[in-house]
Structures are given as C-alpha cells and as structure tokens.
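Indexing begins at 1, ligand by ligand and atom by atom, following the structure's order.
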Amino acid sequence: MISRRFTISVDSCRPGMRTAETIVNKYGAVILYENVTLDERAIERLKNMGIQYISVFEDSMLSVSGMDREWAITDDGFSFNVKYEQDVHTIKMIFADISAGKRLDKDITDQVVDSMVIMPQQNRHVVDAVMQTRRIDEYTYYHCVNVAMLSMMIARWMNLDESMVRKCTEAGLLHDVGKARVPVEIINKPGKLTESEFEEMKRHSEYGYMIAMQDRRIDPDVATAILTHHEKEDGSGYPLGLTGDKINQIAKIVAVSDIFDAMTANRVYKYKDTPFKVFEIMQHSSFGVLNPLVLNSFLNKMTHYYVGSRVRLSTGETAEVVFMNRMDFSKPVVRVEDRFIDLAVAKKVSIEEFL
Ligand SMILES: [Fe+2]
Ligand SMILES: [Fe+2]
C-alpha cells in the first residue's frame, strides 16, 4: 500500500520519519533523497540549510510518534503539531480538488472535524498555532484550520451541545472554501486589492455556499454560515446585508474566529498586530459588527491564554505579561525582571512586539 505524503515543518520532524520527496537546496543541489529515514544529524542539516518544510510518509510519521486513532487523545505539543500540519495539508487538497472542478466530499471534511472534536485540552496548542508565522502562499489553508479550531473552542465556551460544536468546527473549516474559485493572483496579492478585485474576492461567500450545497450531507445551517460569515450585526456586511437577528449563531461564531485569526496573522503587506492590540480592537470597535455574546465568550476565555506571554516593550525591554486589563486588553500589567509595570498607568510605555 502506498503511504500518503504529509508536509510538515522541519521543527516537527523526528528521527525515524521517512522523506517523501527529494529535498534540494536553493541552488538545486540534493540535500536528501526520497525515502531516506531521518536521523538527528539529517534534521540538524535541514535546519542549518534553512529548509522549513518537507514532505514525509504518513506511515513513518505514525510509527515514530506511536500514533494511531488513539494519538488524538495525547496532549503533547508534538502530536498536536503533526495533526495540525496534516489538517492543513488536507484542506489544501480540498482546495486543489475544488479548483480542479471536483465536488466537495463531506467524508474528507468529517475526518478533520472528527479528529478536532475528540482531542481534549488542546486550547494551549491552538493558541500557539494561531500565533505562528505562516508562509504567505499557504496562508488560506492555515487560516481555515485555525478558524475551525477557534470556532470549536468558542462553541464549547458557550456551552453549546456537541452537534453545534461540530457544525461550528465544520463551518470554520469550510468558511473560505469559496476562495478556491477566486483567481490565486487575487488571493495571494501582496498589495491592496483594486475595487474590481475586491468585488471578486467578496464573492467567495457565495461560491463557498454553492460548493457546500453540492454535498447534500452538509447541514444547511453550515452552508448558510459559509454564505453569511461576512455579514455584520448592523446589516452592513455582505453578500446579503443581513442584520444580527437574521444571522445564524454558527456564522456569528465563525465571524469572531475569522477576524481574530486574520488580524493576528503575519502577512506581507501588513505587519501583524500583537494579540493584545487585536483584543482591544475587537472589544472597542466591533459594535454593530460582531455579536456581543459571542465576542464576550471569546474575550473572557481567550485572553487568559496570553498571560505569561513574552513581549517587547517600546522601551526595548523584554517583559512578561502577568495580568490582563479587562478595560483595555492592549495595556496589561507586565513584569520586567523584578519590576511590575501597569501599562494602563505608564502611558508612555506600550507593547511593540509579541515574542
Ligand atoms: Fe471569508
Ligand atoms: Fe476567513
């Protein structure tokens, strides 16, 4: 049986994994041939050569980490990262199939959703994954996986039943699937879109709805959430201009995850905001845009995960976030060695960078 190939980051590589491609450096010289079993030295070499991602065979990945179906219930970051990269790879394949004119297959999206919803206590890893720098050309795939996991977390924080948790996860995973029908030059364009390009980009919601409706097994509420994830509470969103009372709960949850992931992501044309700034913007400028109940559930829980983060201050010093300020998440209390600084009081000092 031929084993599937998975693209994983070199940081997640472990001795015993087998290469599923010939790896070359930027001059075309071979570093490692296909079907070579990695050892510590080979992994070190890949890192030294600046290689970030390689393709490995799935069977070698599973044997190394001792993973089978049960692997999903382990709680170490390594298992999470391998699964995360697999999910990114799967959504990339889904996009490729749809671009090639194939129909969406719910069996495949179910596999991803299943593995996400059975994995407990992964919030810490999700937060770390969302904060990773992403390759620009792969941005959309990582974004879909992140939005799926964040939507699942919000649904749980809101105490929704498991069937709703699944629907939110699935809608998050597929919310931007319509982008598979938008020209790639528009999707990956580094600069600002022209008006007509932006109009085309906006059509991804409708394209996504049509793609989802091709598989009758997809829940109509999930398809509707894909169509309406850019609607706003005050009716100023697209494509239908629906007001909050007409937008389903799944779409409201996906909208919050979508905005958070997009705003914290590192992209070529805009340096990412720190998560603290993003929380502050979401709290203070989302009136009429995001649903307040969903947003509060998100902010109440998500901000906890950023206590303990390391940041660089405008003074150049490195600090640790020790206490969140609920009135303004961009101004937490931080600790620099043994000094505590309340950024809400020390007005001249701000957070410059998330480390
Ligand atoms: Fe979207
Ligand atoms: Fe999105």
Between Lys252 and Glu231, is there a salt bridge with N-O shorter than 4.0 Å?
no
So that I can tick it off, tell me whether Glu34 and Arg18 are bridged by a salt bridge, with the cut-off set at under 4.0 angstrom between side-chain N and carboxylate O.
no
Between His175 and the Fe ion (ligand 1), is there a contact where an N/O/S atom of the residue lies under 2.8 Å from the metal?
no
Among the N, O or S atoms of Asp258, which one sits nearest to the Fe ion (ligand 2)?
OD1
Distance-only, no hydrogens or angles: does the Thr274 side chain make a donor-acceptor pair with backbone N or O of Lys277 under 3.5 Å?
yes
N-O pairing of Arg217 and Asp105 below 4.0 Å:
yes
With the Fe ion (ligand 1) at the centre, find the angle made by NE2 from His204 and NE2 from His229, to 10°.
100°
Would you call Asp110-Arg166 a salt bridge at under 4.0 Å N-O?
yes
Do any of the N, O or S atoms of Cys144 sit under 2.8 Å from the Fe ion (ligand 2)?
no
When you measure from the Fe ion (ligand 2) to the N, O or S atoms of Asp176, does any of those distances fall below 2.8 Å?
yes
Contact check: His143 to the Fe ion (ligand 2), N/O/S below 2.8 Å
yes
